[in-house]
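Notes follow the structure.
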Number of protein chains: 2
Amino acid sequence: MVLTEKHRHILLKAEELFAVRGFDGATVRDIADAAGVNLAMISYYFGSKEKLMEALFRERMTLMRIRLETLIMDDNYTPIQKVDILIDEYVNKVIQQQSFYKIMLCEQVINNNPLVLKMLRELKLSYANLVGVLIEAGQKQKIFKKDIDVMFLLNTMTGTVTQMVINKEYYKEYNNYKKLNAADFNELLRTKLSAHVKLVFKAILGYEQ
Amino acid sequence: MVLTEKHRHILLKAEELFAVRGFDGATVRDIADAAGVNLAMISYYFGSKEKLMEALFRERMTLMRIRLETLIMDDNYTPIQKVDILIDEYVNKVIQQQSFYKIMLCEQVINNNPLVLKMLRELKLSYANLVGVLIEAGQKQKIFKKDIDVMFLLNTMTGTVTQMVINKEYYKEYNNYKKLNAADFNELLRTKLSAHVKLVFKAILGYEQ
DNA sequence: GATAATTTCAAACAAATGTTTAATTTTGTT
DNA sequence: AACAAAATTAAACATTTGTTTGAAATTATC
């Protein structure tokens with residue numbers, strides 16, 4: 001399906017609502033209202049609510065895998081540099097696309113849409129495989145230690161980052177960052193998260209510097 | 001509200017359904033069927049679907065905070081021992097109560113029930129405060145390094161553990177653990193998660209041994 | 001500018017949802 | 001055994017839900 005500007009606008013508004021109310025909680029009427037279009041337009045443009053969700057996942061997930069693949073295969077970086085880039089880019093992406101990552105998280109728990117589940121599955125396994133290649137390269141160069149569990153490594157990153165994003169407001173409150181505006185706070189979070197995950201990765205992968 | 005065995009039985013079945021379909025996705029009819037009671041019994045026993053959810057949270061969350069408080073105040077353990085116990089008990093609890101932790105995760109994202117949100121908030125903040133006390137004790141003894149961000153520390157633990165539990169099946173598949181039965185696999189996960197989080201905590205808190 | 005294709009709309013539709021009702025059965029008490 | 005309280009039930013209720021319809025408005029094509 002080719003997406004027009006109208007498609008993308010509806011997807012954006014649907015995304016915001018799904019992130020706050022969940023797939024079942026956000027009604028088609030809510031989405032139509034938020035997008036400023038008639039109720040019937042959702043079915044007209046996407047076929048159904050389910051297919052709208054599928055379109056959203058297809059749209060948001062398209063670029064994810066490709067980027068990682070080019071990074072892993074890039075010969076201009078050392079394994080350590082690649083790990084740092086991987087972390088930076090992941091943290092950036094989650095902070096930039098908070099709504100979608102919240103939806104992804106819920107969809108991993110709630111078993112709603114088979115097609116969405118399949119896409120998540122493929123993304124996860126290909127991520128594990130690609131990062132596995134990176135780890136092995138680092139191990140061959142004696143930079144990373146032996147016996148790295150790729151899934152533990154990845155889930156530590158994804159879990160820490162999503163958890164911090166979900167609990168953003170508590171973090172803000174706990175550290176008295178109330179005076180910061182949303183953009184500045186996101187920037188602070190981005191910097192701290194990158195540094196933190198990098199520290200954790202050093203411990204798991206077993207390298208210094 | 002005093003909970004009878006019947007109450008608890010319905011809560012258990014509701015918990016299983018909420019974990020798989022979400023609050024909005026699990027219908028009162030589904031829950032009644034799963035519990036083997038008449039549809040009207042849900043309202044009769046709990047008042048409403050929302051109140052059933054609140055009762056579930058009240059029931060499951062009651063013991064959480066108290067346990068941590070006694071651990072932190074216990075003088076028989078060193079800070080490092082307390083950290084290890086904290087991790088072990090958290091991992092055990094999540095693996096033992098996977099359904100409820102999945103529900104908690106979704107409720108943190110989806111803003112459904114104000115009372116549930118309030119309970120989550122209180123749990124999170126009191127957890128942060130109590131662990132903060134533990135960290136400071138360790139810092140005073142020069143065991144932990146300075147400038148520990150308690151929320152980053154906690155979210156690394158909760159994020160990693162929940163992420164591993166959510167992606168259990170992928171992990172099983174990726175590592176060819178298909179032959180293991182559910183109980184054995186949970187045990188394996190428990191052991192590996194404990195060791196992994198302890199390693200990560202050592203790096204964050206900055207101690208050896 | 002006439003015609004066709006596309007987009008938009010209000011209304012209607014059937015199905016599903018949480019909750020209530022009022023009658024019936026079961027349980028407890030004396 | 002007789003009565004009262006509690007538990008259970010099938011049916012009904014009013015909303016809300018996703019989706020469709022058929023007419024109207026808009027845009028594109030010749």
Side-chain angles (χ1 to χ4, degrees), chain A residues 1-59 103 106-107 110-117, chain B residues 1-59 103 106-107 110-117:
Chain A
M1 189 168 59
V2 183
L3 298 188
T4 65
E5 266 315 298
K6 199 119 209 173
H7 282 106
R8 272 182 245 278
H9 176 245
I10 295 173
L11 283 182
L12 187 72
K13 293 303 178 178
E15 182 180 43
E16 289 169 8
L17 282 171
F18 285 150
V20 178
R21 306 201 195 146
F23 179 76
D24 293 304
T27 72
V28 178
R29 279 167 184 80
D30 290 338
I31 297 168
D33 283 354
V37 300
N38 186 275
L39 166 65
M41 290 292 93
I42 306 298
S43 293
Y44 180 75
Y45 274 113
F46 296 97
S48 69
K49 189 189 180 184
E50 291 230 324
K51 283 180 188 161
L52 179 144
M53 181 66 128
E54 292 165 11
L56 177 63
F57 266 79
R58 218 174 287 119
E59 174 73 0
I103 298 171
C106 284
E107 286 298 306
I110 301 168
N111 204 312
N112 252 333
N113 188 315
L115 205 137
V116 164
L117 220 71
Chain B
M1 188 169 58
V2 182
L3 298 188
T4 65
E5 266 316 298
K6 200 120 209 173
H7 281 106
R8 271 183 245 278
H9 177 245
I10 295 172
L11 283 182
L12 187 73
K13 293 303 178 177
E15 183 180 42
E16 290 170 8
L17 282 171
F18 285 150
V20 178
R21 305 201 197 146
F23 179 76
D24 293 305
T27 72
V28 178
R29 280 166 183 80
D30 290 338
I31 297 168
D33 283 354
V37 300
N38 186 275
L39 166 65
M41 289 292 93
I42 306 297
S43 293
Y44 180 74
Y45 274 113
F46 296 97
S48 69
K49 189 189 180 184
E50 291 230 324
K51 283 182 188 161
L52 179 143
M53 180 66 129
E54 292 164 10
L56 177 64
F57 266 79
R58 216 173 290 118
E59 175 74 357
I103 298 171
C106 284
E107 286 298 306
I110 301 169
N111 204 312
N112 254 333
N113 189 316
L115 205 137
V116 164
L117 220 71

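Lettering follows sequence order; numbering is per chain, from 1. Because the structure is a prediction, the values reported are computed rather than measured.
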Note, [X] side chain near [Y] side chain (heavy atom, < 4.5 Å):
X      : Y      : answer
B:I103 : B:F57  : yes
B:F18  : B:L56  : yes
A:R58  : A:L115 : yes

Assign [X] to base, sugar-phosphate, or nothing according to its heavy-atom contacts below 4.0 angstrom with the strands shown.
X     : result
A:S43 : base
B:K51 : nothing
B:Y45 : sugar-phosphate
B:I42 : nothing

Salt bridge between A:E54 and A:K51, side-chain N to carboxylate O under 4.0 Å?
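Answer for the salt bridge query: no.
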Closest-nucleotide mapping onto DNA chain C: is A:A40 or A:Y44 further toward the 5' terminus? I mean the 5' end.
A:Y44
Expressed as a whole number of angstroms, how long is the span from [X]:[atom1] to [N]:[atom2]?
X     : N      : atom1 : atom2 : value
A:F46 : C:dT8  : CZ    : P     : 12 Å
B:K6  : D:dA6  : NZ    : P     : 16 Å
A:D24 : C:dA16 : CG    : P     : 14 Å
A:E50 : D:dG18 : CD    : P     : 11 Å
B:L39 : D:dA10 : CG    : C1'   : 10 Å
B:M53 : C:dT17 : CE    : C1'   : 17 Å
A:L17 : D:dG18 : CG    : C1'   : 16 Å
A:D33 : C:dT8  : CG    : C1'   : 15 Å

Check whether any side-chain nitrogen or oxygen of A:N38 sits under 4.0 Å from OP1 or OP2 of C:dA10, and answer yes or no.
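Yes, such a contact exists.
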So which nucleotide from D:dT8, D:dG18, C:dG18 ends up closest to the side chain of A:R29?
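Looking only at side-chain atoms, A:R29 lies closest to D:dG18.
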What's the closest nucleotide to the A:K49 side chain, out of D:dG18, D:dT8, C:dT19?
D:dG18
B:I110 side, atom CD1; B:L117 side, atom CG - distance, nearest 0.5 Å:
11.5 Å
